[in-house]
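Working notes, beginning with the structure itself.
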Amino acid sequence: MSSVRKTIVSNCEKKFLIKNLSEWTRLDGRAFDEFRKIDIEFGKDWGCCSVSLGKTRVLAQVSCEIQEPKSSRPSEGILNINIELNTIAAPHFESGRQSELSVQLNRLLEKCLKDSKAVDLESLCIKMKEKVWALRVDVNVLNHEGNILDCASVAALAALAHFRRPDVTCDGEEFIIHGYQQRDPIPTVIHHYPLCVTYSIFSGGHYEHREKYHLKIDFSDYIVADPTLLEEGVADAFLSIGLNAYKELCGLHLGGKAELTPDVILNTANKAAMRAGIVAQLIKDSVEEDSVKRQEKLELGFHKTIDNEKVVESIEELSLCLDQWTSKRKKNKKKKKQTKIFEENTIKMEAPRTESNLVAEIESIGKGSAALVPNDNRDNSEVWQASESEDDDDVMIVEQPKQVVDLLDIADSGSEEEAVIVLNSEKKSKKKKKKVKTEY
Amino acid sequence: MSVNDFVLPGDVVQTVKSVRGVTVVGPGLRQNEEKPNTLCVTQAGKLCFKEPNTYWIEGKRNRYIPKKGDLVVGIVVKKVGDTLKIDIGSAEFASLSMLAFEGATKKQKPDVQVGDIIYAKLLNAHREMEPELVCIDSYYKAGKLGVLSNDGYLINISLNLAQRLLSIENPLLRTLGKKIPYEIVLGVNRKMWLFAKKAKDIITLVRCFEAAENQIDKNIIEVCKQFK
């Protein structure tokens, strides 16, 4: 390779993405504040963790060794975080060389995990001024499909939470390191679980896009959670917020150029806090689950997580894609007007999450997102719903709920709601309504 | 190693059928230097055989290696003088001369911008040289080659799927065509350009190809039959 490779996003991808964003749709059918599915798996070793966020995959491994402490902090252990971008992740990454991206990611991760003092470093001290444990987190990106940072921060934290170091005893002068068989290994103390949550910002009308693609867009900014590779490439800026479950800010980074008002950032940070809480809980749960598995001596490791589930799923998906399309056409012709009304109703329904006397119930799909499912719905297979919300071009979801969404109003309109569900079941549409993004 | 086995690089295919001493060897295989009558595997995947004498490997590899005569879709990365550098997903950018378009002369050059999508044919692919593309055939006609419109959308699919969709037996593109009028340009280098009138339709198509990715051909054919 003679020159340093640079990826380039083609004009047509850019144009298509922006056009879709201006119609409030994302290419993968997610809502703007919806995240991809996150999966945490642990390997056989302590501190080995693989996290997948959609198609992005990251592997983290924690290792430890005994070192002399830094003279400035004689009673504290050392934590190193190292993120590696290999050619495995994407062809344009070069291994062995520190790229700008990897330095940036490294720093952001450090800021989030190390500088927020999430790991109790004092407990890593063996003898003051002489011997402390040095933990090293190696984060390897296995596949790059956007938003490495979120994925890496989850992986690093989960690996740290999962890691156990060997026990050390001291008999006056000599230190004995006990193997895992001799004594139970000691878990790392983690005070809080800080996580990065990344948003991409498309400053739609401001800059070049409008002139370049002659799009008539007037709005402030699009803020999109958990950007994919393409969205990252097209976005004007990205906002990365490090937060823990207690809504404490552990790091904030705004890269690129975007004009954001303070309330937008505050708003986004609030949303991010919710997400961080959910993911932190997920990490705790999966570590717990893994330790139960270890106690019961069940089979561990990555090999058994590879299964055929995905293949089976996609047969249905393919036929649904084809099927959905035909049924949609018919429906559109007949009930175009009615669907409009549904849209309005469903928006209102979504606003109060706790409403339970409806015929439908809210079910969480993935983490940080919810779906509205009619109770009589037996089929839970995921239906592609992008067309659902956008088949009437004039239904600009955002503009409608301007007339402040009223909780009482919804309770009153309960009868309407039921009617909606009945109609739906008549059509036998196994529809699963994803949460419609509501912007205020 | 027999046909339809999963093979790894370094495996040797012992029994090789040939017609008058000729065996056609496809991607992932090469002649074994030690024993000229056997084949050496260079790629992990399934060993395939077609009567009477053709062998190749079908794997899940996702890096495109240019081959002479391939029709590819690429993105213009930069302009250097009279040549364009095009990303076709290979290790190195391919080069495309501005004069290799239909009707192009020194004075009249095609209007190509950085970031445009180009459908071209590989004129030259040698492992020690950068691949060379052209947008004309041997009669100086463009045919379907050239710059693609910016109204479409570009997606990446797997190498395997690209090959499968191109095969005549695969009904997916035809079945989709009955439902949605669309234009498609399918490069063997994992890139696919799509155009339909509505953005929604494009998304449906993308979704379909994603779903088809993990499918074996038999299932695709079956599903397509249902929706004829």
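Below, chains carry the letters A, B, ... as their sequence lines are ordered, and counting in each starts from 1. Just so it is clear, the structure is predicted and the values come from calculations on it, not from any experiment.
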Please check if the number of heavy atoms outside [X] that lie under 6.0 Å from its [atom1] is greater than 12.
| X | atom1 | result |
| --- | --- | --- |
| B/F6 | CZ | yes |
| B/R127 | CZ | no |
| B/K197 | NZ | no |

Spatial distance of atom [atom1] ([X]) from atom [atom2] ([Y]) [nearest 0.5 Å]:
| X | Y | atom1 | atom2 | value |
| --- | --- | --- | --- | --- |
| A/N20 | B/Y153 | CG | OH | 8.5 Å |
| B/L194 | A/C12 | CG | SG | 9.5 Å |
| A/T87 | B/R63 | OG1 | CZ | 7.5 Å |
| A/E13 | B/N156 | CD | CG | 7.5 Å |

| Looking at B/I75, B/L154, B/D151, which has the largest count of heavy-atom pairs under 4.5 Å with chain A? |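 Between B/I75, B/L154, B/D151, the count favours B/L154.
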| field | Under 4.5 Å from a heavy atom of chain B, the part of A/L17 involved | value | neither
| field | Criterion side chain to side chain contact (heavy atoms under 4.5 Å, CB included) against A/F16, the qualifying member of B/V206, B/N150, B/I203 | value | B/I203
